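Residues: numbered from 1 along the sequence shown. Since the structure is predicted, the reported quantities are computational estimates derived from the model, not experimental observations.
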Amino acid sequence: MPELPDIVVYIEALEQRILHHTLERVRLSGPYLLRTVTPPIQELEGKRVRGLRRIGKRIAMGFDQDYWLVLHLMIAGRLHWRDRGPATPGRSAKKLSARSREMAAFEFDSGCLTLSEAGSRKRASIHVVAGAGKLAGFDPGGLEVLEARFEEFAARLTSENHTLKRALTDPHLMSGIGNAYSDEILHAAQLSPAALTSRLSAEEIARLYEATRTTLQDWTVRLREETGGGFPEKVTAFRPAMAVHGRHGQTCPRCGAQVQRIRYADNETNYCARCQTGGKLLADRSLSRLLKQDWPRSLEELEAMRGNRVPHRGQRSH
Ligand SMILES: [Zn+2]
């Protein structure tokens, strides 16, 4: 799932290409992508893009008259861009319909933005709303760690007792962090994914705060450099330069031990036992169960969970 660094770089690339440009035509090829009926998405046609924002792992595009399109790529959704070529709309439409994975096309006066989604479970979503006030409804309320003071981070982290893996990836607690960067953050902080937030020392929380900020910032810079002014076409959760995520069985760049994994529900977390768990393997049944109990069945469910939760204002204590 594209996480904060990926989304930031997507937004920067979009700003260069569609900001102040007019959306001329929208085409949707799947019935499930668009989740709102009013205002109709066609009302965006002829409007100019006024601004772009990140809301958690979502991308919000603001148009004239305060119309907003909110895009959630979920796990397999990706964006693509082609500059405006010679005007051959017939040919372009044919090409689009032949590519079954292409779910939506947004033709701007500057080029064409398309959304593709791999796999059979179509989870990516588009919402269209009128009025920036409605955007708040899309914000799961996670803390923006790059903007938060240490005290705010500590309060939020310990507002509920969860495993660290869950606390970092829960969009209601922390904003923009998913399975990949949480693995990297925990490795950088040298903390166990199964450690409980209620049992962390102040020093460990401080380490986690620094590691979260550094990991998100460094990866944003790295992805920006890799993209190099082009459009980010290679967005993936698995990158060779990652320390542990997706590197089960390979060596830890810090200590040389083998990267371990633990599977729980539909998820997997990667960690270095020597660096993060005092050498203890989390494949141990009880720890595995702990992670499993602390999770909904899948990342998608965690992402989709809404409501029925106590708002997190960092004021509750343990
Ligand atoms: Zn290690």
Please find the pair of heavy atoms, one from [X] and one from [Y], that lie closest to each other, and give the distance.
X    : Y    : answer
T227 : P232 : CG2-N, 3.6 Å
A154 : I205 : CB-CG2, 3.8 Å
Y67  : E43  : OH-OE1, 2.5 Å
A124 : L33  : O-CD1, 3.5 Å
L200 : A195 : CD2-CB, 4.3 Å
A202 : F150 : O-CZ, 4.3 Å

When rounded to the nearest 0.5 angstrom, what distance separates [atom1] in [X] from [atom2] in [Y]?
X    : Y    : atom1 : atom2 : answer
T269 : D183 : OG1   : CG    : 3.5 Å
Q65  : R48  : CD    : CZ    : 11.5 Å
M74  : K57  : CE    : NZ    : 8.5 Å
L168 : L157 : CG    : CG    : 7.0 Å
M1   : T169 : CE    : OG1   : 9.5 Å
L135 : I55  : CG    : CD1   : 4.5 Å

Next item on the list: Quick one: do F238 and H245 satisfy ring-ring contact (aromatic ring centres under 6.0 Å, His included)? Show the steps, please.
Entry: CA-CA 7 Å; F238 303 99; H245 184 70; 5.0 Å; yes

Next item on the list: Mind running side-chain contact (heavy atoms from CB on, under 4.5 Å) on L73 and D6 for me, showing each step along the way?
Entry: CA-CA 11 Å; L73 297 170; D6 310 289; over 6 Å; no

If you measure from the Lys or Arg side-chain nitrogens to the Asp or Glu carboxylate oxygens, is any gap between [X] and [Y] under 4.0 Å?
X    : Y    : value
R84  : E24  : yes
R263 : E268 : yes
E233 : R78  : no
E226 : R222 : no

Indicate, with yes or no, if [Y] and [X] share a hydrophobic cluster defined by side-chain heavy-atom contacts under 4.5 Å among Ile, Leu, Val, Met, Phe, Trp and Tyr.
X    : Y    : answer
L71  : L44  : yes
Y181 : V221 : no
F231 : L23  : yes
L113 : I7   : yes
V244 : L164 : no

Does [X] use its side chain to pair, donor to acceptor, with the backbone of [Y] at less than 3.5 Å?
X    : Y    : result
T277 : S192 : no
Q260 : Q258 : yes
E184 : T215 : no
R207 : A189 : yes
E117 : K122 : no
R254 : H187 : yes
T158 : S198 : no
R274 : C255 : yes
S110 : R17  : yes
Y209 : A148 : yes

Next item on the list: Determine, step by step, whether F153 and R213 satisfy the side-chain contact (heavy atoms from CB on, under 4.5 Å) criterion, reporting the C-alpha distance in whole Å, the side-chain angles of both residues, the deciding distance to 0.1 Å, and the verdict.
Entry: CA-CA 11 Å; F153 177 79; R213 294 168 65 92; over 6 Å; no

Note to self: Between T197 and R166, do the side chains contain a donor N or O and an acceptor N or O under 3.5 Å apart?
What the structure shows: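 Short answer, no.
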
Notebook entry, point to check: Between H248 and N270, does any side-chain donor sit less than 3.5 Å from a side-chain acceptor?
Noted result: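 Their side chains do not contain a donor-acceptor pair, so the 3.5 Å distance test is not met.
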
Notebook entry, point to check: Out of C272, P240, P253, which residue meets the side-chain contact (heavy atoms from CB on, under 4.5 Å) rule with R247?
Noted result: P253

Side-chain contact test, heavy atoms from C-beta onward, threshold under 4.5 Å: evaluate it for [X] versus [Y] and give yes or no.
X    : Y    : result
R239 : L223 : yes
E45  : V26  : yes
L69  : K47  : no
R224 : V8   : yes
L52  : Y10  : no
L196 : T163 : yes
D64  : T22  : no
T220 : Q217 : no

Next item on the list: Mind running salt bridge (charged side-chain N to carboxylate O under 4.0 Å, His left out) on E107 and R27 for me, showing each step along the way?
Entry: CA-CA 8 Å; E107 288 172 24; R27 276 176 311 199; 2.6 Å; yes

Next item on the list: Determine, step by step, whether R54 and I59 satisfy the side-chain contact (heavy atoms from CB on, under 4.5 Å) criterion, reporting the C-alpha distance in whole Å, the side-chain angles of both residues, the deciding distance to 0.1 Å, and the verdict.
Entry: CA-CA 5 Å; R54 178 179 65 81; I59 295 169; over 6 Å; no

Notebook entry, point to check: Take atom OH in Y32; do more than 12 heavy atoms of anything else shown fall under 6.0 Å from it?
Noted result: no

Notebook entry, point to check: Between F108 and F63, what is the ring plane arrangement, given parallel below 30°, perpendicular above 60°, and tilted in between?
Noted result: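 Aromatic pair F108/F63 classed parallel.
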
Next item on the list: Report the C-alpha separation of R199 and E204 in whole Å, then their side-chain angles, then the decisive distance to 0.1 Å, and conclude whether the side-chain contact (heavy atoms from CB on, under 4.5 Å) test is met.
Entry: CA-CA 10 Å; R199 299 204 186 146; E204 287 171 326; over 6 Å; no

